[in-house]
Every structure is written in structure tokens, then in C-alpha cells.
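Written below as C-alpha cells is the structure these notes are about.
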Amino acid sequence: MADITKVRNIGISAHIDSGKTTLSERILYYTGKIHKIEEVRGKSGVGAKMDSMDLEREKGITIQSAATYCAWKDFQINLIDTPGHVDFTVEVERALRVLDGAVLVLCAVAGVQSQSITVDRQMRRYNVPRLAFINKIDRSGSNPLRVIAQLREKLGHNPVMITMPIGLEDKNEGIIDLLRMTAIFFDGDNGEFVREGEIPANLHDEAKQLRHTLVETLSDFDDVIAEKFLMDEYVTEAELKPAIRRETLSLRITPVFVGSAKKNKGIQVLLDGITDFLPSPIDIKNEGLDQNNNEAKVTLSSDDLTKPFVGLAFKLEDGRFGQLTYMRIYQGKIKKGDMIYNNVTGKKVKVPRLVRMHSDEMNDIEETSAGDIVALFGVDCASGDTFTDGTANITMTSMFVPEPVIELAVSPKEKAGQANFSKALNRFTKEDPTFRVYRDEESGETIIKGMGELHLEIYIERIKREYNCEVVVGRPKVAFRETITTRAEFNYTHRKQTGGSGQFARVAGYFEPLPSDAVENYEFVDDIVGGVIPREYIPGCDKGFKEQLHDGQLIGQPVVGVRVVLNDGQFHPVDSSELAFKVASMTAVREFYSKAKPIILEPIMKLEVSGPEEYQGVMIGQVNQRRGVIVGTTNDAGYVVIESEVPLSEMFGYSTDIRSVTQGKGEFTMEFLRYAPVPKQVQEEMVKEYQIRRAEGNR
């Protein structure tokens, strides 16, 4: 087994088109895992190793996070390349949940973009220490110092430069290592030969100044460095490295490296930075929840292999040989043939095959231990399930899963394709927690929900290709919500007398809006005193309220942000039952919902559009036409970036419109921001439309 202090579990995350996959490809090449570099949109048509799906190679984007492992010097690196497109955000979310460290890739020209902010927020959610890699220093308009300023201002990092470029744009020759104050050049066709030399005379002062800033930043955290800094003494590399590592792990600084993945410059130095400054599994405190002790937190030990086995299934994939389950081992060890228990379902399974993944290739292994990321075959489970050896009843905290905001009605073109169509939908919902499927009871249609147009487009394409099933697709629909705006009392008595015993139940209380920062969308408060409703009927009331709030009465969408307080009622010793109280609760919602002044909520997206300055006017005009609110604009090097908030319902077809008004030069990224009330007249139209549809459906 590898020495656990020499293991690094890292992810590569960034805004779309910052060069994550190109960087992963170079890392694999320099660590000897691949012997030929392929480009993301290469002429050979082979595509990058980490983009193993045909669709990824055609579109030149990463859709699924791909896992691999490699060795650098005497370190083992488990690496996950994650998608940059916001529609596949759950892939980043689940990767960061199980990784110990990350590399945030930034483009030297575009700097910190909208998705960089999202990825950074995800890293903070899981307290992931990170390095920043400023890529594309060879591109026209590159400016690493501006990107570092944005890291500080936009992301609130405390960046420290570890390397600086020798020349920018087409004049870039290599980099300067500020810790050792040497120039580093990358010779050979693929930059594989690393040569050290003297710092060019014209850059000596700048390098000295940047090193001075680096030492000054670290002097805030280290007394020895502070003393030397004040005495104007030279601080050695050996003194700086442990301080940089310690403060990176405590998230107080972000070491910054520069380079060009495409031009093969700076990657080997970044690999040294990954092994020097990012954590090993034992540097990170991982906790589980003890199910035998009221979900008390227990610290999991990565370095004591005698402890019970605990692993988290964080990603599922349907491979050629059945379900492939990616698992991070948090404690203990696991061997091929071992019996393991799924602590969520209670089922026990045998580990038939244990593999290390290298993108879409598998390398069989006999055993593995804490700190490793592996894949198992033939283990049926859901994403986020915890496995143990049966001696510990521990579960891991789950990852954050964003709510889907867009819907499509889909059906197979041919009747014969129905079985494959169902198989595909079952598989995708199991693999991707943000992809949901439900049946619309009114229209009888199958509805798929996802994070955006591209998200659903990719799945429809995969149904066609992987399941040989042509699909008929309806118009995209926005996932609206309903909520209430004021407190409303309810008091309803349910009486029904049929042949034998009747039904009787009375429920009374009030509905009120939940505070805006509430985590849950529904809260039930039992304020019954004096046994006016017997205890055994209370769950029936809760079920009834919850079920009825699933479909609001304005447009039939789920009602969110509601607290139901039940404080009075009445029962009959013979005619009352749990069902009677459930029916009474459901009818109470129907009868008194309108008194709570319901409104419709729509998803508001954070939109970032960029294009040449001459198109600024028309780009802003387009956002305004779509009920958008401009939040800010920044102009830089002839390009303008417009940040705005726009309702998702107005954004269909935007990609075609933006291209046509900017002659194909405009780009945009969009991500879900929040739900907000729709304007009054829009609400009136939507309610009218819904009522007409219902009336037609009832005929």
C-alpha cells in the first residue's frame, strides 16, 4: 500500500474553457500515464484522454467528471477532472465532497468568471484547500497580475505568487520560481525537459519584489519568518515551504502558479506544488454520523487501518460490465471478495471486482485502504450511500444537490423503443441527482427536469446514441413554484356518513410564510394540547397538508416556504381515523389557500455575457428585452462583460440571438440564482392559461 502521507486526492475545477481538461492531459503525460498528448478539440478526432464520451469529444466540453490516478516523483495522485459548464454542477459538487484538495484553474485573459465564483463557493462549502493555476499566459491579452487582483477582490482569497511568467503572450519563454529564485524553461517538443537557469536581468527586480510580497504575506502567520522579514534577512525556501503548506491547509492563503497547459509550460512545477502544498488524507478531518448514537459526529481515521471500513459511493456509471460505483475510502481497508454493508438500505454485498480508474480504462487491484479513490463493480446502490464492514453503523453527510429549474416533455418516437426509453431514464436518474423524471397526471406525459437546456439536451442525445431510441421532445418549460405571502387561519370539519361508520375530523390552525433563509420548503408544527386530536392521528394531518401543497392552486406547481401550525381540532371516538384527518387537512389547504395570498415564483438566473465592446449597446438591449436587470459591466482590453439577473422563462433561444447580434463573437454563461415573484400581470396571464388548460382537460 502507498504511504498515506504521499497520497493526494485532487480535483481540477474552473469556468468553462479555462483549460481544465488540457491541464489534466498534460499532467497525465508528464507523470507517464499517457505517451501522446491529444487536444480537447484535436484534429486527430481522438480527443483528450479524460473526455472519454463521444459527445464530450464532439462538443469539446467535459460532461462527466473523469477519475484517474498517476504518480509524480514518489507521490500518488488521484485526480478528478470536473466539468466547467454550470448545467453539470452536480459533478463538481460530488467530486469536491470526496476530494482533499483542488486546483482552481483561471484563464490569464478572462480572469475570474461567473463559474469560477460558483466553483469557489463549492470549494468553500466543503472546506477544500486549493492552489490557483493561471493558465493561457501565452494568449493575447493575458495579464496574471490582474487575475491575482480579481482573486483577492472577487473571491476574497489571499493569493501568494509562487511562480511568475518570463514574458507574456507570444513572448512567453518559461517561468520564474520565486521560492528558489531560478528561471525554469521547458524544452523538447512537449516541454518534457525541464531546464533551470539564471533569471533574465530585465525581470530580476520584479521577481525580487514579488518574492518580497510573498515573504511579507507569510510573515503575518509565522513568527520566524516575521522576525527575519523585519530584520531584512533572506528567508530560505526550506523556511517558506512548511509555512505555505500550513496556511494553504488552513485556507488562509492560496498559492498561485502560472503557465500554459497548451504550450506545455509550468505543469511540472504545478505538480510539485500539488505534492508540496495540498493535503494528504490524514491532513483532513473527515466526520461521519453515528446512527447508533443519535447521529453524533465521529471522526474517521485515515491512518489506522485496524479501524472498521467506511466508504462513500459518490458517483455511479453504467459501464460495459454493469454498474460502476466510484467510492472514496475514509477509514479501514477493503479487499476483493470482502462483504460490505450498505448502511442506507441495510443490504450486504460481496465486492466482486475492485479497480482503479484511468478515465474509461480499468486497472484491477486486490485491495485498497483509507485515503484512496477506487471503483467497484456489481454493487447496487444510489449516489451518496455509505458502506461499512458491518461493525460500525456510520453514515457520511450527503452532498448538496441543487434543485432542477427546467422541464421537458419527452416520449419515445416508436412504441418499440418504450423499454429502452424507460431503461435510460432509470439509469440517468440513478446516476445524476439533478436529473429528475415524473409523470404529469393531467397530460399523461413523461417530464424530465434538469439544470438547463444543455443538461437535458445531452441526456436526450445519450438516449438516442446509447439506447438506440429516437425521442420526441416538447417545448422546454420552466419549473415555477408557488408560495404564500401572509398568515391565514383555517378551520375545517370533514363529515361523511355512508352505510356503516362515518368519517369525522376537524382541523384548525394557520398557514404562514417561512422566513426567507429557511432550509426546508415545508414545516409542520404540532401545537395540539389537551388531546383534542389524538396523537396517532397527527401524522395523518401532516401527510395531508404536505400532499396537498405538492400542487398549488394558481398553476398547479409545488408550494414552497410554508409553515402549517395545527393548534385545534376535534375527533369522534367511533368515526375518526387517520384517513379522515388526512382528508380534512387536504381539504383545509384547498379551502383556505387563497386567503394566504399566494403568488407564483420563477427561477432567476445569473447571466454573464461577454463580447467585443462595439456590441455593448445591443447586448444590454437584449438583456433588457428579456426582463433582465443589469447588475454591472466591466470593460477590459476591448471586451465587455455584462452581469445581469434574468428570468429563466425569457432565456429560451438566447444563444441564437446573442450570436446573431454579435456576429458569433458573443458568449454567455448562466446559472440559477434564486426564486423570485413573477410580475403581477404575468401571474394573471399564467393563472388564466392554467384554468383554460384544466377546463379543457376536464371535458
Notebook entry, point to check: Hey, does the side chain of T483 reach the backbone of V560 with a donor-acceptor pair shorter than 3.5 angstrom?
Noted result: yes

Notebook entry, point to check: Does a sphere of radius 6.0 Å around CD in E520 hold more than 12 heavy atoms from other residues, nucleotides or ligands, not counting ones at 6.0 Å or beyond?
Noted result: no

Check: Does atom CD of E689 have more than 12 heavy-atom neighbours, drawn from other residues, nucleotides or ligands, at distances under 6.0 Å?
Finding: no

Notebook entry, point to check: Can you say whether the rings of F428 and Y459 are parallel (under 30°), tilted (30 to 60°) or perpendicular (over 60°)?
Noted result: tilted

Notebook entry, point to check: What do you reckon, is NZ of K423 surrounded by more than 12 foreign heavy atoms closer than 6.0 Å?
Noted result: no

Item checked: Y467 backbone acceptor or donor facing R462 side chain under 3.5 Å -> no

Checklist line | Residues which pass ring pair (Phe, Tyr, Trp, His ring centres under 6.0 Å) with F668, listed by chain and number, not counting sequence neighbours | finding: Y654

Notebook entry, point to check: In terms of heavy-atom contacts, does NZ of K597 have more than 12 from other residues, nucleotides or ligands at under 6.0 Å?
Noted result: no

Note to self: Just to verify, which of K263, K262, K265, K171 counts as forming a salt bridge (charged side-chain N to carboxylate O under 4.0 Å, His left out) with D138?
What the structure shows: K263

Notebook entry, point to check: Can you tell me if R436 uses its side chain to pair, donor with acceptor, with the backbone of K449 under 3.5 Å?
Noted result: no

Margin query: Could you go through V564 and F490, starting from their C-alpha distance and side-chain angles, then the distance that decides it, and tell me whether this counts as side chain to side chain contact (heavy atoms under 4.5 Å, CB included)?
Written below: CA-CA 10 Å; V564 181; F490 65 84; 4.1 Å; yes

Note to self: Under a 3.5 Å distance rule, please check whether E482 uses its side chain to pair with a backbone N or O of L554 as donor and acceptor.
What the structure shows: yes

Notebook entry, point to check: Given the rule in the side chain to side chain contact (heavy atoms under 4.5 Å, CB included) test, do F435 and L425 qualify, once you have shown the distances and angles that lead to the verdict?
Noted result: CA-CA 9 Å; F435 179 77; L425 293 184; 4.0 Å; yes

Next item on the list: Report yes or no: does Q557 contribute a side-chain atom to a donor-acceptor pair with the main-chain N or O of G552 at less than 3.5 Å?
Entry: no

